[in-house]
**Student:** 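This structure is in structure tokens; I'll ask about it shortly.
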Amino acid sequence: MSDKAFLDLNGEKFELPISKGTEDELAIDISNLRSATSGYITLDPGYKNTGSCESAITFLDGEKGILRYRGYAIEELAEKATFLEVAFLLIFGELPTKEQLEKFHKDIKSHCIVDDDVKKILDAFPKSAHPMGVLASLTSALTAFNPSSVNVESEQDMYNAIVRILAKFPVLVAWTLRKKNGLPLDYGDKSIGYVENTLKMMFKQPNEEYEHNDVMIDALDKLLILHADHEQNCSTSTVRIVGSSHAGLFASISAGISALWGPLHGGANQAVLEMLEAIKADGGDTKKYMAKAKDKSDPFRLMGFGHRVYKNFDPRAKIIKKSADEVLGQLGVDDPILDIAKGLEKEALEDSYFVDRKLYPNVDFYSGIIYRAMGIPTDMFTVMFALGRLPGWIAQWREMRLRKEPIGRPRQLYMGETYRKFTEIEYR
Ligand code: SDX
């Protein structure tokens, strides 16, 4: 197999090196294309064929439905690891020893207080504000209260910023929910686990003892693991490009939250539940919605279906679907929405429109059903996605900074007006 590609431009031949990844993926390196060819660039809207970086964090094979974090299979991590272990693995590259995990959690817990003035920013939002907009704003605002998190050159500086955002983010998630519910803001409990504390901050009622629910803790731990990273998706690419200007970790994460909000990306988990609710209200008429999804004149898409990379089952969707049955059973929740989702999936997987386009359920198709069973409001689903994706965003930001990658600045092909002389307004 050649380690070079050849480009013939008007009879002039150019050699382009070929790079090979550890999983035998192949890339044509065009880093010097423009200078070598006196100005040629490539064009690839949506970067469907373009790699933005080399990365050692997550590997996925869309054809085979494979997903691994630092070489470990998602199926094993979801079954055997905790979310904090997976966060450590993604960020630092290895599964932690018991001592390393204890120190990591201790360092995180030492920064779980959010400055009281942040509450004034939260108070300024109307109750109707979408939680993703609130979360993005509060995350960016954290920079003002943690200025040392911006100019990070050493690994220690980066570590200090990382444990701060891992500590304060669950507090912001809980405050965003409690603001919606008109509940007093809570700082949780340093004596319990990371996911346990997150649930307690979200749901503790001010006038009663909080009772832990192991089913909910295990379910959320697994969901957060499944959402933790997914290589160069839209929001992660956003975090990397904002981080490449050295804008600081919290600002980069805030930008990632905004990108994740969109219904074509993380916002799909909310859109799936709204779609399933509409089908239920329509008497469960899935055929009508299948027809809408296939109708090119109708902007409606089957939310939770299809994926830029997976052209096979999203391995996360398989695990979440199984978990949905288990969790709803253990919580004693009988939700007809789950049956509608399964019916829709069955119909789509037997329909040539979806089969021909390799459209399968993705991570967002079933996750909202579990969140709902846990008592999480629909417009908080994407906030839960962000909570899971946080360690992946951090890991990708840290990799980009440690590798001292250049500021991201794509080129373009200009298609506008050529030079024309200015005309004074009297003569227009
Ligand atoms: C996430 O990138 C990641 O890794 C993301 C993510 C992560 O972990 O970070 O996995 C999380 O964002 C999952 C995706 C969540 N989004 C949705 O569920 C929204 C519904 N899905 C689609 O909008 C769509 O499938 C995308 C956006 C996910 C992918 O779109 P692509 O790769 O740009 O594909 P496309 O729009 O070019 O579609 C190809 C064809 C088109 O039809 P034709 O023009 O060939 O006739 O498939 C059709 C599309 O119209 N199509 C759909 C469809 N998805 C694609 N038709 C109906 N319903 C759908 N859901």
Side-chain angles (χ1 to χ4, degrees), residues 44-52 55 57-63 65-69 74 78 86 90 132 223-240 256-276 279 286 288-320 341 344-345 347-349 351-369 381-382 384-393 395-396:
D44 186 21
Y47 310 114
K48 294 191 175 186
N49 307 283
T50 299
S52 60
S55 179
I57 298 170
T58 291
F59 170 71
L60 61 87
D61 181 321
E63 281 65 37
I66 292 171
L67 174 58
R68 298 192 200 121
Y69 296 160
I74 191 66
V86 168
L90 284 167
M132 283 297 273
L223 280 168
L224 297 179
I225 288 171
L226 292 167
H227 286 82
D229 193 54
H230 214 238
E231 54 131 286
Q232 306 309 316
N233 58 81
C234 178
S235 55
T236 299
S237 300
T238 303
V239 170
R240 282 185 86 120
I257 296 167
S258 297
L260 188 71
W261 190 356
L264 295 186
H265 190 13
N269 59 14
Q270 172 179 343
V272 167
L273 247 292
E274 289 162 353
M275 172 185 75
L276 294 172
I279 293 173
T286 51
K288 172 182 165 186
Y289 287 83
M290 289 284 286
K292 280 170 64 71
K294 297 190 286 186
D295 177 358
K296 289 303 168 198
S297 64
D298 189 330
F300 174 80
R301 285 194 158 190
L302 201 60
M303 301 314 278
F305 257 76
H307 199 277
R308 172 60 59 77
V309 179
Y310 287 124
K311 300 308 172 191
N312 193 324
F313 258 90
D314 181 334
R316 302 167 296 178
K318 277 187 190 172
I319 298 169
I320 295 176
L344 204 55
E345 177 191 358
E347 273 187 62
L349 296 182
D351 183 298
S352 60
Y353 173 92
F354 291 88
V355 173
D356 295 351
R357 292 168 177 80
K358 298 184 170 44
L359 302 177
Y360 292 89
N362 59 48
V363 67
D364 294 312
F365 190 63
Y366 285 104
S367 55
I369 293 168
F381 290 177
T382 314
M384 302 313 288
F385 192 144
L387 181 63
R389 187 50 54 89
L390 180 63
W393 286 334
Q396 300 271 351

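Order of listing sets the numbers, starting from 1, for every ligand and every atom in it.
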**Student:** Checking contacts now, so for atom 39 (C) of ligand 1, which I'm interested in, is there any protein heavy atom under 4.0 Å?
**Tutor:** no
**Student:** Between H265 and A259, which heavy-atom pair has the shortest distance, and what is it?
**Tutor:** CD2-O, 3.7 Å
**Student:** Which residue supplies the protein heavy atom nearest to atom 47 (O) of ligand 1, what is that atom called, and how far is it?
**Tutor:** R357 CD, 3.5 Å
**Student:** Considering heavy atoms of the protein only, find what lies nearest to atom 4 (O) of ligand 1 and give residue, atom and distance to 0.1 Å.
**Tutor:** H230 ND1, 2.6 Å
**Student:** Which atoms of ligand 1 are found less than 4.0 Å from any heavy atom of R389?
**Tutor:** 7 (C), 8 (O), 9 (O)
**Student:** Of the non-hydrogen atoms in L260 and T382, which two are nearest, and what is the gap between them?
**Tutor:** O-CG2, 3.8 Å
**Student:** What atoms in ligand 1 come closer than 4.0 Å to a heavy atom of K48?
**Tutor:** 33 (O), 37 (O)
**Student:** How many angstroms lie between CG in L276 and OH in Y366, if you round to the nearest 0.5 Å?
**Tutor:** 9.0 Å
**Student:** Could you tell me which non-hydrogen atom of S55 sits nearest to which non-hydrogen atom of Q232, and how far apart they are?
**Tutor:** CB-NE2, 4.0 Å
**Student:** Just to confirm my output: which protein heavy-atom neighbour is closest to atom 51 (N) of ligand 1, and how far is it?
**Tutor:** L359 CD1, 3.7 Å
**Student:** Counting only heavy atoms not in Y353, do more than 12 sit closer than 6.0 Å to its OH atom?
**Tutor:** yes
**Student:** Could you tell me the residue and atom name of the protein heavy atom closest to atom 20 (C) of ligand 1, and the distance to it rounded to 0.1 Å?
**Tutor:** F305 O, 3.4 Å
**Student:** Looking only at distance, does M303 have an N or O less than 3.5 Å from an N or O of ligand 1?
**Tutor:** no
**Student:** What residue and atom, counting heavy atoms only, is the protein's closest point to atom 48 (C) of ligand 1, and at what distance?
**Tutor:** Y353 OH, 3.6 Å
**Student:** At their closest point, which heavy atom of P361 faces which heavy atom of L349, and how far apart are they?
**Tutor:** CD-CD2, 4.2 Å
**Student:** Can Q232 be said to touch ligand 1, with heavy atoms closer than 4.0 Å?
**Tutor:** no
**Student:** Once ring-ring contact (aromatic ring centres under 6.0 Å, His included) is applied, do any residues pair with F305, and if so which ones, sequence neighbours excluded?
**Tutor:** F354, F365
**Student:** Tell me which part of T236 gets within contact of ligand 1: side chain, backbone, both or neither, using heavy atoms under 4.0 Å.
**Tutor:** neither
**Student:** In terms of residue, atom name and distance, what is the protein heavy atom nearest to atom 2 (O) of ligand 1?
**Tutor:** N233 CB, 3.4 Å
**Student:** Judged by modelled atom types alone, do E347 and T286 share a side-chain donor-acceptor pair under 3.5 Å?
**Tutor:** yes
**Student:** CG/L224 to CG/L387 distance, rounded to the nearest 0.5 angstrom?
**Tutor:** 5.0 Å
**Student:** Which atoms form the tightest heavy-atom contact between S235 and R389, and what is the distance?
**Tutor:** OG-NH1, 4.3 Å
**Student:** Quick check on contacts: which atoms of ligand 1 are under 4.0 angstrom from a heavy atom of A268?
**Tutor:** 15 (C), 16 (N), 17 (C), 18 (O)
**Student:** Under 3.5 Å, N or O to N or O, is K311 touching ligand 1 that way?
**Tutor:** no
**Student:** Does the N or O separation between V363 and ligand 1 drop below 3.5 Å for any pair?
**Tutor:** no
**Student:** Below 4.0 angstrom from a heavy atom of G304, which ligand 1 atoms are there? Numbered from 1 as shown, please.
**Tutor:** 17 (C), 18 (O)
**Student:** Of the listed options (H307, R308, K296), which comes nearest to atom 5 (C) of ligand 1 when hydrogens are ignored and any heavy atom counts?
**Tutor:** H307
**Student:** Which ligand 1 atoms does A293 reach within 4.0 Å, using its non-hydrogen atoms?
**Tutor:** 57 (C)
**Student:** Who gets closest to atom 25 (O) of ligand 1 by heavy atom: G62, G306, A259?
**Tutor:** G306
**Student:** Please confirm whether the ring centroid of Y310 lies under 6.0 Å from the ring centroid of Y360.
**Tutor:** no
**Student:** Provide the full list of salt bridge (Lys or Arg N to Asp or Glu O under 4.0 Å) pairs with a residue in residues 308-320, sequence neighbours left out, each pair given once.
**Tutor:** D314-R316
**Student:** In terms of residue, atom name and distance, what is the protein heavy atom nearest to atom 27 (C) of ligand 1?
**Tutor:** L264 O, 4.0 Å
**Student:** Tell me the protein heavy atom at minimum distance from atom 26 (C) of ligand 1, and give that distance in Å.
**Tutor:** R301 NH1, 4.3 Å
**Student:** Looking at every non-hydrogen atom in both residues, tell me the closest pair between V363 and S367 and how far apart they are.
**Tutor:** O-OG, 3.5 Å
